[in-house]
Number of protein chains: 4
Amino acid sequence: MNSDARGQQMPARIAAELRTLIHTGTVPPGGRFQGERELAQEFSVSRATLRQALKVLQEEGYIEVRRGPYGGAFVTSLGAPLTAWKEQMASDFAPMDDLFDFRVGVEMAAARFAAERRTDEDIVRMRESTERLATAVGREQLRLHDARFHECVAEASGSSRLLNMVREVRGELFLPVDFLRDDDTQDHSDILGAIIDSNPDLASQRMMEHIEHTREQLRKLVRTA
Amino acid sequence: MNSDARGQQMPARIAAELRTLIHTGTVPPGGRFQGERELAQEFSVSRATLRQALKVLQEEGYIEVRRGPYGGAFVTSLGAPLTAWKEQMASDFAPMDDLFDFRVGVEMAAARFAAERRTDEDIVRMRESTERLATAVGREQLRLHDARFHECVAEASGSSRLLNMVREVRGELFLPVDFLRDDDTQDHSDILGAIIDSNPDLASQRMMEHIEHTREQLRKLVRTA
Amino acid sequence: MNSDARGQQMPARIAAELRTLIHTGTVPPGGRFQGERELAQEFSVSRATLRQALKVLQEEGYIEVRRGPYGGAFVTSLGAPLTAWKEQMASDFAPMDDLFDFRVGVEMAAARFAAERRTDEDIVRMRESTERLATAVGREQLRLHDARFHECVAEASGSSRLLNMVREVRGELFLPVDFLRDDDTQDHSDILGAIIDSNPDLASQRMMEHIEHTREQLRKLVRTA
Amino acid sequence: MNSDARGQQMPARIAAELRTLIHTGTVPPGGRFQGERELAQEFSVSRATLRQALKVLQEEGYIEVRRGPYGGAFVTSLGAPLTAWKEQMASDFAPMDDLFDFRVGVEMAAARFAAERRTDEDIVRMRESTERLATAVGREQLRLHDARFHECVAEASGSSRLLNMVREVRGELFLPVDFLRDDDTQDHSDILGAIIDSNPDLASQRMMEHIEHTREQLRKLVRTA
DNA sequence: GTGGTCTAGACCACA
DNA sequence: GTGGTCTAGACCACG
């Protein structure tokens, strides 16, 4: 009914979308967003509103804004947000568990339907993401291609709603992704295999294990930090 | 001061919530909502705003407002919304498929985690829902207890996010539920069994089959209508 | 040259002007400012800009904003600003001394020129202020008529620049005025006498003593607080 | 980031400051300002902005900009500004009176507090200014050391606010100073004497007379011009 | 051509 | 008719 008006205010909503781009590594530290005018148009929003969104991210320490030509909104090294996130997680891990429970649901379903419905083109895209992750160097690239694979699976599921949710969840995940597991590439490869074999149960099963591994990894990280 | 002021779509939001109450059978045809003043207070909203929400539902044919003593907002027989829904589904079933893909994801996860984490109290509640569905008479009761069971499972999963999503999906489902399958009670019972046995894979598997059956049923309904 | 553009941003400048109205008691605690639209027009500024000014005052604890008819920006009991002011003064009284040095200059000159140039109407106004102060009840009235007298003297000086400065200084004074000396009325009366007698030296002399008394009073207040 | 961004009148502000330097004789006719880059840095402003300020002064006839080596912004003989000023004063002397009323206030207070608070170093500086005025040759030197003395007194008052105001007023005075009275040196000397004697009333009294003499001188000048 | 500020005006939610 | 939010567009200061 009101599918795209979930009730947040515009600035907060746009801030969330931009934050997602940072969390997923789409715009890495040091990277620059488009100009305010372009962004405003992209979000179908006035520049004033967009600027409020940028201000939120600025105060959260995600971006810093520079003026002049070659100015713009640049992603910081993310030190401040990382610290804030760790503190919050250390004091209460429940929200993260909640997020992962939901992630398990949407990504298992995505993997299942992907195994049933994937086209050859879907397979090409998923394979490419997997290979790029394998050869990625640097945290930013790892982060980006890890996120990209999960999106590709959701795309292959043919469900726009699942795709949106996969993206939304990913957008909330943030820095955990900074600490990718060494065997992520293998996980992705295994999942992809099951999808190619058109084995929905196996695909979703492996997706679940993959996500639960990540959850465990995160839990450890928070405990030791 | 303006901490929760979303700016501009409160009426639509409230309308959606009230619509959900109708879709899930919480307030059945012929049933009456609380007085405007109570509703307004419940949603932390002014009476004027609430009246706009009611107006939306009125125009959609969900409710009719009667004045005087014993007046109030009464749920109609839902003929108009049903017709509108059928027409829409007949012309494009994709949104419904999208919704069901997502439903499969969240409810499978809910069943899985419920099987892992359910407490004795959770079991009591789920069992009660199942039994009430078995002995329910009339469409309204069926609809209500069917919805209630799915909520109970989501509650047992211990994930507030999954619970919210289960409810949200249900709120969008509407009348399909009018046409419950005869073997729904058996499905619920089977799912509950797997949850009680602490068998996550089986519980989620049965939940999926249950939902896919409903999807098929609906698809047929639309074709023949 | 650029007499009215001293370089502040508009919101800060407007906030300062509104703050002055509070400090001088023109709008007392509990009082209400005009509607945003009127204020915006009065300051020849857009509503958005004016709202930023209101936000500043809101965060400083000077006003609270209520919605609905009979809503608007209302002056608080000023507890928060008072506390903040006391703390600041206790840690560094120098800015207050600086302000008073300047005040001595402008108000002595105002008294001097008033004694030279006052018209009969000026005298009427100054006398009225003095009398009202004598019969005033309540802090708000005292504050208001005290401020009013000093303005009247500055008006009588015939120098718009001095008048502006007297007002500006008064606007920065704030709560000190909350603690009026018992013999303020006598001081005002003495100053007025010298002005009526067209005695510039005596008028400015008395004005100085009046202000220095206030300074001393304030100094004590801060020490004991 | 935008801590000191006043938004929109930087050029005018900078122009005013540079104009003051000319009015006070700090940079005399024929004199050269620093390079654009140095000035820009000094005012913490971009070169483009500074150039706008220079353009303003250029159009007012205060400076002329020469290019090439030994180029820069040179103060003109000030014929054009002087003519403009005379015309303006002849048509309306009120603004000048207003300025002098204010000047009386701030400089009397400065003299008063200087007499109360001057240190030995202050005396040295004030004496030096007085002596240099006595031995000055040429309008430029006269203008410069006259202005300098008044600043020294304001410095000795220990009030930064009074000092700022004395400077600001002086910046607006401009060419009147071109026509210094012969007995200015004696006036300064008398004022200094009262300050050294720690006689606040006398110091401020003499300061007033000094300023009022200047006002009269100016008035005559305008009448005859 | 960038971000920073302000304007003018609309519509919404409120009581 | 109030305050709360957003839009569209302008101009300024920047490097």
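In what follows, chains are A, B, ... by sequence order, proteins preceding strands, each numbered from 1. This is a predicted model, so every value here is computed, not measured.
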Q: Please compare D/Leu50 and A/Leu50 by the position of their nearest nucleotide in DNA chain F and report the one closer to 5'.
A: A/Leu50

Q: Under 3.5 Å for both distances, Watson-Crick or G-U wobble, that's the pair rule; now give the dot-bracket for DNA chain E, with | marking pairs to another strand and [ ] for crossing ones.
A: ||||||||||||||.

Q: Could you check how far CZ of D/Arg13 sits from P of F/dA13, rounded to whole Å?
A: 10 Å

Q: Assuming nearest nucleotide by heavy-atom distance, tell me which of A/Thr49 and D/Gln52 is located more 5' along DNA chain F.
A: A/Thr49

Q: The test is salt bridge (charged side-chain N to carboxylate O under 4.0 Å, His left out); show your working for A/Glu172 and A/Arg19 and say whether it passes.
A: CA-CA 8 Å; A/Glu172 291 185 46; A/Arg19 207 181 292 114; over 6 Å; no

Q: Distance-only check: which donor-acceptor pairs under 3.5 Å involve side-chain atoms of residues 70-82 of chain C, not counting sequence neighbours?
A:
from	atom 1	to	atom 2	distance (Å)
C/Thr76	OG1	C/Gly61	O	2.7
C/Thr76	OG1	C/Tyr62	O	3.3
C/Thr76	OG1	C/Leu78	N	3.0

Q: Quick check against the 3.5 Å criterion: does C/Thr24 have a side-chain atom that pairs as donor or acceptor with the backbone of C/Thr20?
A: yes

Q: Without decimals, in angstroms, what is the distance between A/Gln58 CD and E/dG4 C1'?
A: 11 Å

Q: What is the distance, to the nearest angstrom, from the NZ atom on A/Lys55 to the P atom on E/dG4?
A: 11 Å

Q: Separation of C/Tyr70 atom OH from F/dG1 atom C1', in whole Å?
A: 10 Å

Q: I want to verify a distance call: between E/dG3, E/dT5, F/dG4, whose nearest atom is closest to the C/Arg67 side chain?
A: F/dG4

Q: To the nearest Å, how far apart are A/Ile63 CD1 and E/dG3 C1'?
A: 11 Å

Q: Could you list the residues that satisfy salt bridge (charged side-chain N to carboxylate O under 4.0 Å, His left out) with D/Glu38, not counting sequence neighbours?
A: none

Q: Can you name the residues that form a salt bridge (charged side-chain N to carboxylate O under 4.0 Å, His left out) with D/Arg47, not counting sequence neighbours?
A: D/Glu36

Q: Could you give the CG-to-P distance, from C/Leu39 to E/dT7, as a whole number of Å?
A: 14 Å

Q: OP1 or OP2 of F/dT2 versus the side-chain N and O atoms of C/Arg66: is any pair under 4.0 Å?
A: no

Q: Report the residues that fulfil salt bridge (charged side-chain N to carboxylate O under 4.0 Å, His left out) with B/Arg66, sequence neighbours left out, ordered by chain and then residue number.
A: B/Glu64

Q: Send over the distance from C/Gln34 CD to F/dG1 P, rounded to a whole Å.
A: 16 Å

Q: Between D/Gln34 and D/Glu42, is there a side-chain heavy-atom distance shorter than 4.5 Å?
A: yes

Q: Dump every N/O contact between nucleotides 8-10 of chain F and the protein below 3.5 Å, one line per pair.
A:
from	atom 1	to	atom 2	distance (Å)
F/dA10	N6	A/Arg47	NH1	3.3

Q: Expressed in angstrom and rounded to an integer, what is the separation of D/Arg51 atom CZ from F/dG15 atom C1'?
A: 14 Å

Q: Check whether any side-chain heavy atom of D/Phe33 sits under 4.5 Å from a side-chain heavy atom of D/Val65, and report yes or no.
A: no

Q: Taking the side chain as everything from C-beta on, heavy atoms only, tell me whether A/Glu168 gets closer than 4.5 Å to A/Met165.
A: yes

